[in-house]
Every structure is written in structure tokens, then in C-alpha cells.
Amino acid sequence: MTDSVRVRIAPSPTGNCHVGTARTALYNMLYARKTGGKFILRIDDTDLSRSTKESEEGVLEGLRWLGIKWDEGPDVGGPYAPYRQMERYDTYKRAVEELLHKDLAYKCYCTKEELDKERADALASGKPPRYYGKCAHLSADQQKALEAEGRGHVIRIRVPEKVFSFEDILREHQEKDMSERGDFVIVKSDGSPVYNFATVVDEHLMDITHVMRAVEHLTNTFDQLVAYELLGWKAPTFGHLTLMLNPDRTKISKRAGAVYIGEFRQMGYLPEALINFLALLGWNPGDEREMFTMDELVKAFSLENLSKSDAIFDVKKLDWFNGEYIRKMPVAELADRILPFLKDAGLLPQCWNGHHKPDVLGCETVPVCHGHRYDRKFLEDATAQIQERIVKLTEAPEMLGFLFVDEVELKAETFRDKQAHDAAFSLKVLEAAEKIMEGIVDWEKEPIDTTFREKIAESGIKLGDFLMQVRVALTGKRVTPPMFESMHLLGKRACLDRVKRARAFLAGEVAEV
RNA sequence: GGCCCCGUGGUCUAGCGGUCUAGGACAUCGCCCUCUCAAGGCGGGGACACGGGUUCGAACCCCGUCGGGGCUACCA
């Protein structure tokens, strides 16, 4: 045994990283870093039918994206390798042989049908359903006979009829009378160990000091305690964390929304926001701070402040965190985060790295005519316009789209409002707007701003009403970044082209009526 | 059914016998600011599940009820 803390996360390779797994991993990692201990990642893949290499990678990728790093694991190795249960069969086998040898475990030849019947009978007569030990005392001859019949077997552990107890980090003293438990299976008929047994062997051999996992394992702990005792091992300290719930208070599931880390990524959430949110769901810093970087979490983390009641996963709060992180991020960094979403929306070519002009890249898919759209400064200036307007990265293409297309989609109804109830008002405004634009020689933010304000004031039309028409003409939308900045980004040429096109479009509308 | 865990506003939580006319955050509502949308500022409404104890005194301790959840597998 080592003195320093060794904690772990032991996900089963399901293909995706579940938020619950992520949060448990986070707490374990924080504890390890806080105490100067080690954080181990082990893959619990004893359920052969569901385990593949790809499904393991999906889990690791989710954790990595969140910034969760482990000191030992199947990918990075470590002094306690291997870190996949599938590769540790010999180890479990040795432990089982020892129990078998000491007669603390035995082979059970009962078929599923027999067990179902036993269970049904017990229930019918009001007794607790459990294994009553039919194969507990078979002689070698009896075993041979059963095997000759071609029957397979599982291995059951002899559960002592007594009370087992442990001190839970969050819930203090826990105890359970195991008299009614019945001998449970530790090795399946295919020879693979059951989770409750394999985990005991691993925890012990990997010198795990603290096992922190979800409450759903609390009852399992007593089964595991049986194994620790019969194997003659000291059990680690246990802590049973709360569950995350759907808004209807059921255990969090796909049904109520996103549950996998990859989904949150796709939805435009930032890893630092998700981490911050997850950290505060089931733990509090003891003061009223809300925003935490990973390092700050490490400093503030403590086992005492873990909460005991389950928490509903409230996306609204996650959204708020995401907005906060987007707003306080340097523009250049935000631009980098937004870039992939602009590319995926088809607004920018996948091959552009966000920095150099495309001609330097020699990329054939880049149209040569859009020079400034593939400019770093342009990207950052555009980003700055939406920084405090978006909550998720996925909103960027929607808000910035007009800057990256040749033509925007115009609809008569978009122009229409209380003032512009027919196209006449729109036409009047746009004609005036075109004149103002033409009059601005130095197409910089300042002159655009002052000239427009001045001329619009002279026109007697309210600023907002006037700019809404320009907004629709230039962007095709009624919700966009501020107009003066947008005009500046678009450039004089494009602004004039779009206003002219809008006027033509509206004139056509009038003619039709 | 049995065993176990949990129960402060809609949500996450602070509170660990008096400092609680219960604090913070998200959400919500109103106002201000404002070229749309946001962001920001100011303000409002809203909770100790219920019932018994213990105590001079209970959100905090005890018991019960109710509610939610978990386990009871050759899933983890």
C-alpha cells in the first residue's frame, strides 16, 4: 500500500462519454491533484458483448476534450498496467482460484430456468428472493456428474451471514445485514468476472485509496466488502456521489436531452463552461464564487463540500456559464473556437486555417474572388461583433452568415413592420440609405456612424426604424450585429450592391400588388 | 415486496441549535440603457415536504408520514 492518494474513474466503454462519468472523473481528478495523489483511468470492460476498442476511444476523447487528464491509464500506461479489465483476466483468475481453494467460493451448476423457478417460489411463499445454496456443498463426484451432463457453471462466493459496515465519505456510517443476501456470482459461465468482483481485485492491486463513484453503487459496496474480507484485503475508503437527474427527477437519460460530452461539444458548448457547471452540480466551494478555472477548482476542492442530494441537470445554467466564458474570452481565441462552426456551416472552406490568405495554402476549393473574407483580421472583427450576443458557438454562423455570402435571401415580409407596412416606406428608406452611403468617402467606422446618424436625424425617421430597413437589405434578417459595424465589415461596395438589389426586389413587390 | 440513500424558492446551493424578518447564483418579472438582438445596471416575486416530539429556543437533533431515487442480474 502507498500512503499517497490514488483515485480512479472506471468507465465501461460505451462509445460515448456520459456527463455523469465526466463529473465523477472530475471530482476524482480534483481530489488527486489537490492532495498530490494520482488519478487513474481504468476501463471496466468485463461485459464483453458491449466492449470494443472504438467504444473505449469515444469515452477517452470526451474526457480529454473536457481537460480531464489521468496519470495512469490504458493509453498512457503506468506502473500498474494493464488498465483494461479484459487484459487482467489472469489476475482475477488467481483471486478466484484462491477463494475456490479455501472453499470460500464454489461452482454452481444451476440453470437459468432453475434459478428463475427458485426465485418465483421464494416470492410466492413470502420469502426474500435469493440463491439458497443448492450447489453450495456438492461433492467432487456430483460436480463431475453435472459436468458430464454438459452443464456449464458459474462461481459463487460464500457470503458470511453477518453485518458488514463501512464509513462513507459523504454519508458516514453505513451497514447492512448480509444474512439474507445469498451467495452471489463472481464469475460468469463464460469465465469472465462480474463487475462487483473484478473491481475489488483491481482496486486492491492498483492500490486505490479512495473509491468515489455514484450512489447507485452504494448497495453494491456491501457485496464488494464480502470479497475484500474473504480475500483478506483491506477495503479502500468509499464515497458515494449524487446522481444527475432529468427535469422530471428521473435518472438523467437521453430522453430529456443531451447526455454525452460529444453532443455538448457539437451544440457549441465550451469545455471550460461544462466543467465549471458540472463541478458546481453536487459540490460547492464553501463561499459564493461561481466562476472557476480548472486550477481554481483544484485549489477550492474539498470532500466536505460534496452534496448528498441528487441534482437536476439544468441546461439554462449551463447556457449562462457558456455565455460568461464566451464573453470573457480574448477575441482571437473566440475566433478560433468559432471557426470550425463557420466551416461546418459552409461559410468558410474547411481547408482554411484561420490565419493566412487562402492563396498561400494552394487550396483548390477556395474561390479566389472573396479575398477579405479569408482574412484573420476580418474574422476577428466579425467575432468581436457577436461576442456578447451569443450563448453557444453554434449561433455564430447564423449571426455572421451575411458576411460570408455573396447574396442574402430577401423576403418581403422581413422588411415589413409597423412603419414599413408596405414596401413604399422600405423603398424610401433604402433610397436615402444609398445616397448616404455614396456620400461617405472614407469608409471607416467613425464616419459611417456620424454621417448616418446625422442624415437620418435630418430625414425625420426614427433611427431604429431607418436602420431596420437597412439591416434587412444588408443581411436578410431582423436580428444581426450592430449596423454601422456591419456596414464597415461588409465594405462600401457590398453595401451599395445589396441596397440596390433590395430596392429592385421591393420595386418588384410593389409592381406585383 | 425487502434493504438502502435523499428531501431549503422552478433549478443549483449556503445554512451544521439563537447572528434566519433564511444568503448567493441561474431562471422569471418590471424598469433603465439601446439601431435589432444581446450584454450591462437597478429593482420585484418566489423555499426550510408534512406531522409529532426534544429544547428557553429548530431549516438545523429524534421519531413517524409522504415524496423522489437506488439496489435487490451470469449490466456496470
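Proteins come first, then strands; the chains are lettered A, B, ... in the order of their sequence lines, and each starts at number 1. Fair warning: this is a prediction, and the values are worked out from it, not measured in the lab.
In this structure, A:Asn220 and A:Lys316 both approach RNA chain B, and ranking their closest nucleotides by distance from the 5' end singles out A:Lys316.
For B:rU13, neither phosphate oxygen OP1 nor OP2 lies less than 4.0 angstrom from any side-chain nitrogen or oxygen of A:Asn284. Put simply, A:Arg119 has no side-chain N or O that comes within less than 4.0 Å of OP1 or OP2 on B:rU72.
Remark: side-chain polar atoms of A:Asp45 are paired, donor with acceptor, to backbone N or O of A:Met86 under 3.5 angstrom.
The side chain of A:Asp314 lies closest to B:rU11 when the candidates are B:rU11, B:rA38, B:rC12. In the set B:rG24, B:rA76, B:rC35, B:rA76 carries the atom at the smallest distance from any side-chain atom of A:Ser12. The nucleotide whose nearest atom lies closest to any side-chain atom of A:Lys317 is, among B:rC37, B:rU13, B:rC12, B:rC12. Considering only the side chain of A:Gln174, B:rC5 comes nearest among B:rC5, B:rU13, B:rG40. For A:Leu281, whose side chain is taken as the heavy atoms from C-beta onward, the closest listed nucleotide among B:rC75, B:rC6, B:rC12 is B:rC12.
Of all nucleotides present, only B:rC6 satisfies the Watson-Crick or G-U wobble test against B:rG67, with each distance under 3.5 Å.
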Stepwise side-chain hydrogen bond (donor to acceptor under 3.5 Å, both in side chains) test for A:Asn220 and A:Tyr195: CA-CA 10 Å; A:Asn220 287 331; A:Tyr195 160 79; 5.6 Å; no
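Residue contacts for A:Val185: at a heavy-atom cut-off of 4.0 Å it reaches the sugar-phosphate backbone alone, with no base atom in range.
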